[in-house]
Amino acid sequence: MSANASPNLHRRILVGLVIGVVLGLACNWLAQTPVVDGVASSRDANADGIDDRLEWVATNIADSVGQVFLRLMFMVVVPLVFSALSLAVVNLGDVQRLGRIGLRTLAFTGMLSVTAVVIGIGLVNVLRPGHSLTKEKQTTLREKFGSGAEDKLDKATATTLANAKKAKSLRDTLLDIIPKNPLQEMVGAIDGSSPGNGMLAVMFFSLAFGMAINAAPEACATLVGWLEGLYAASMVVIGFAMRLAPYGAGCLVFSLTARLGFDILTTLFWFVLTVLLGLTLHQTVVYSIVIRLFGGMSPRSFFRAVTEAMLTAFGTSSSNASLPTALRVAQDELKLPREVSNFVLTVGATGNQNGTALYEGVVVLFLAQLFGVELNLPQQITVVLMSVLAGVGTAGVPGGSLPLIVVLLQSVGVPGSGIGVILGVDRLLDMCRTVLNVTGDLVVATCVARGEKPEAIQPPEALS
Ligand code: ASP
């Protein structure tokens with residue numbers, strides 16, 4: 001059975017997403033009840049003014065269908081990362097080639113992440129979204145989420161703060177990349193409950209495992225066959241899951257927009273605009289230039305080829321859940337050599353997150369403006385560097401960046417509880433930044449592959 005679910009899949013996912021957004025917004029509008037002083041004016045609505053029946057449909061129907069799709073994708077992420085990365089190392093053969101590809105991946109990742117954060121921070125300085133709120137709104141938000149408000153926080157903010165408190169020191173974070181027990185790391189890699197560094201530790205183990213196989217090829221011949229089988233079977237499961245993608249992704253955006261509505265978007269309009277503008281600039285301008293200069297492809301052909309991966313990223317808000325689709329797109333649509341794309345994409349799903357890095361920079365500066373913390377140029381440069389590093393350390397799951405944002409905020413003197421200001425719009429922006437994270441991995445894979453083997457890339461006309 002092919003892992004490729006359907007030739008028109010990206011169109012069907014797009015239709016699913018559009019229907020989900022339109023229905024969600026329409027239901028939210030129809031079922032919205034005014035909230036005065038935190039109390040809904042209808043007895044059939046919750047504290048956010050959402051009708052109980054709509055909440056029931058969003059939770060029990062839309063979320064459930066979406067979760068079936070997400071879980072089917074997450075189910076194979078760990079076996080896929082393990083098999084794809086070890087096999088990539090085995091197929092790359094010599095350590096020199098691996099080192100060269102690793103360094104090139106790192107160089108592109110660094111360049112793209114720094115550019116992304118600089119764009120984001122530049123836009124915050126120009127648009128100043130933190131100062132665009134009315135004086136009353138600024139005071140209300142500072143009182144609600146500023147320092148001293150810790151015991152009055154809503155549940156979502158309190159949970160995010162509690163998660164951030166578990167953040168480790170830099171020394172432990174680096175040491176934890178080497179797993180003491182790889183199985184334990186695999187068990188908690190998706191939900192963040194591993195004792196070590198989770199997915200990065202699984203990657204370290206897979207790389208070491210692949211290198212060890214290369215050192216004893218004959219003795220490990222059966223093991224390589226087994227890894228090939230694990231990889232192939234995981235891709236088949238993804239093929240099944242992707243059949244559900246149009247419904248799953250549609251349901252996920254429905255439950256989001258049905259609860260979100262327009263109100264929160266208007267309150268944080270300038271912040272949302274700054275983030276979306278930054279993401280759009282990076283996605284369309286920076287990626288196009290890089291793909292043309294270093295990938296030797298026309299941006300149009302590139303974006304057409306990777307649409308399915310972009311839509312999956314949008315629907316799932318998770319680089320990890322989108323990894324299988326990205327791997328398939330790299331092989332079937334971009335025609336990249338498998339060992340190169342498997343290596344770059346698997347490492348990139350956690351390590352290369354341009355959209356997240358941009359977002360982290362914007363949030364920190366926006367909240368600094370809102371809470372009246374002036375950051376001078378050296379401090380802003382520190383934010384750039386920390387956001388780039390935080391992008392590497394962010395788990396590729398929905399909301400993976402939130403604990404790191406809290407740490408970044410505290411390090412520049414903004415109250416960590418300030419994150420509560422943006423939590424309402426975070427899920428929506430998460431979908432958008434994840435698109436960049438996944439596209440960025442495919443950009444890097446294309447550029448690294450081109451440097452390795454120019455003939456491995458098909459001319460753009462062949463892709464149309
Ligand atoms: N959801 C993002 C991803 O999976 C991570 C984040 O920015 O929260 O790539």
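Excluded from the calculations below are hydrogen atoms, water molecules and symmetry mates; all remaining heavy atoms, backbone and side chain alike, are included. Atoms within a ligand are numbered from 1 in the order they appear, just like the ligands themselves.
Partner of Val362 under the side-chain contact (heavy atoms from CB on, under 4.5 Å) criterion, out of Ile422, Leu279, Val124: Val124 alone.
For a threshold of 3.5 Å applied to N or O pairs, the pair formed by Thr434 and ligand 1 contains at least one separation below that value. Residue Thr394 has no nitrogen or oxygen atom sitting less than 3.5 Å from a nitrogen or oxygen atom of ligand 1, judged on distance alone.
Of all the atoms in ligand 1, the ones that sit under 4.0 Å from a non-hydrogen atom of Thr356 are 5 (C), 6 (C), 7 (O). The Ser318 neighbourhood of ligand 1 comprises atoms 4 (O), with distances under 4.0 Å to a heavy atom of that residue. Contact atoms of ligand 1 toward Gly399: 8 (O) (distance under 4.0 Å to a heavy atom of the residue). Residue Gly396 approaches ligand 1 through these ligand atoms, each under 4.0 Å from one of its heavy atoms: 3 (C), 4 (O). Ligand-side atoms of ligand 1 in range of Gly400: 6 (C), 8 (O), range being under 4.0 angstrom from any heavy atom. With ligand atoms numbered from 1 in the order given, ligand 1 contributes 1 (N), 2 (C), 4 (O), 5 (C), 8 (O) to contacts under 4.0 Å with heavy atoms of Val397.
Of all the heavy atoms of Ala395, the ones lying under 4.0 Å from any atom of ligand 1 belong exclusively to the backbone. Contact annotation for Ser401 and ligand 1: heavy atoms of both the backbone and the side chain come within less than 4.0 Å of the ligand.
Across all non-hydrogen atoms, the minimal contact from Ala390 to Thr394 is O-OG1, 2.6 Å.
Ring pair His282/Tyr287 is perpendicular by interplanar angle, where above 60° counts as perpendicular and below 30° as parallel.
A distance-only check finds no donor-acceptor pair linking the side chain of Tyr247 to the backbone of Phe69 [under 3.5 Å].
A cation-pi arrangement is present between Arg338 and Tyr231 under the rule of less than 6.0 angstrom and at most 45 degrees off the ring axis.
For atom 3 (C) of ligand 1, the closest non-hydrogen atom on the protein side is Ser319 OG, 3.3 Å. If you check which protein heavy atom lies closest to atom 1 (N) of ligand 1, you get Asp430 OD1, 2.6 Å.
The shortest distance between side-chain heavy atoms of Phe303 and Thr439 falls below 4.5 Å. In this structure the side chain of Gln67 reaches within 4.5 angstrom of the side chain of Leu70, judged on heavy atoms.
In summary, the side chains of Ser318 and Asn320 do not present any donor paired with an acceptor at a separation below 3.5 Å, with no hydrogens or angles considered.
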